[in-house]
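Written out below as C-alpha cells is the structure these notes cover.
When reading the values below, keep in mind they use all heavy atoms of this one structure, side chains included, and skip hydrogens, waters and symmetry mates. For ligands, and for the atoms within them, numbers begin at 1 and follow the listed sequence.
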Amino acid sequence: MIVRKSAGEIAKIAAAGAILADCIDALTEEAAPGITTAELDRLAEKFIRQHRGVPTFLGYRGFPASICASPNDMVVHGIPGKYRVAEGDLLSLDVGVTLDGYVADSAVTLPMGAVEPEAQRLLDVTAESLEAGLAECREGRRLGDISHAVQEIVEAAGFSVVRSLVGHGVGREMHEDPQIPNYGDPGRGPRLEEGMVFAIEPMVDAGAYEVVVADDGWAIHTADGSLSAHFEHTVAVGKKGPRVLTRRRSERSGAGA
Ligand code: MG
Ligand code: MG
C-alpha cells in the first residue's frame with residue numbers, strides 16, 4: 001500500500017531533506033583525490049548530528065556507517081573505509097537523514113578531478129534520467145511512467161539500468177511501498193496521487209546491467225567491471241508537478257551536478 005503523506009508530514013520530510021542536501025554539498029566540497037571514504041563518512045555524520053538529524057543508514061540492517069561511498073564499478077552500498085579517492089574516479093555518495101521521525105534519501109555521483117569523457121557522459125546521462133523521472137511525479141501519471149522515462153534516456157545513450165535495485169517510497173520509513181524500477185512500460189502501475197513521496201534513484205552502468213555482491217555482503221559491483229553512476233532525490237508528487245525535497249543549493253545555482 002502506498003501511504004500518502006499530509007502537508008505537515010511532507011514539511012517534515014522537506015526539513016530532513018534540506019539538511020541532507022546541505023550535507024551532500026559539504027561532502028562535494030571535501031571530496032577530492034587523496035581523501036578516504038572513511039573521512040567523508042565522519043564528516044557526514046558530524047554534519048548531520050550538528051543539524052540535529054540522525055544518519056538514517058547507521059545501523060540500518062547492521063550497516064556500519066552513516067553514508068554509502070561507492071567508487072567506480074561499485075554501484076551502491078559501499079562501506080566507507082580505507083579506500084583513498086584517486087584522480088579520475090567516479091565516487092557515488094548516498095546519504096539518508098532522519099529528522100523528527102521523518103526520512104529523506106538522496107545520492108550523487110561526483111567526478112574526482114579530471115575524468116574520462118565517457119565517465120563524464122555517464123554522470124550527465126544518469127543525472128538527466130533522474131530529472132526525467134522526477135518530472136513524471138505529478139497527479140494522474142502512473143508509476144510506470146517514472147520507470148519508463150528513466151529507462152528511455154539511459155538506453156538511448158547506450159548505457160544500461162540496473163534491474164535488481166530499485167527506487168522506493170520514503171518518509172515514515174526509509175523503504176516504503178512502492179518499489180520503483182528504473183525500467184518499465186509507460187501507462188502501467190498505480191496512478192500517482194498528491195502526497196505520495198518517492199525516492200527516485202537511477203543506477204546506471206556503462207556496460208551491462210548485471211551486478212554482483214562483494215564479500216562484505218554490502219557493496220554491489222557491476223558484474224563486468226564497468227563504471228556505474230547513481231543519482232537520487234526524494235520527491236513529493238504534486239497536483240501540478242513534482243516537489244523535490246532534497247534539491248541542493250549547488251543545483252539551484254547551477255554550480256554543480
Ligand atoms: Mg539513497
Ligand atoms: Mg534510496
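Residues E201 and H168 bring a donor and an acceptor atom of their side chains to less than 3.5 Å of each other. S250 and D25 form a side-chain donor-acceptor contact under 3.5 Å, judged by distance and modelled atom types alone. Under 3.5 Å, the side chains of Y209 and N182 contain no donor-acceptor pair of N or O atoms.
A side-chain donor-acceptor contact under 3.5 Å links D216 to the backbone of W218.
Look at D100 and K12 and you find a salt bridge, because one of the NZ, NE, NH1 or NH2 atoms lies within 4.0 Å of a carboxylate O, short of that distance. A salt bridge does not link E139 with R243: every distance from a Lys NZ or Arg NE/NH1/NH2 to an Asp or Glu carboxylate oxygen is 4.0 Å or more.
Around the Mg ion (ligand 2), protein N, O or S atoms at a distance under 2.8 Å total 4; waters are neither shown nor counted.
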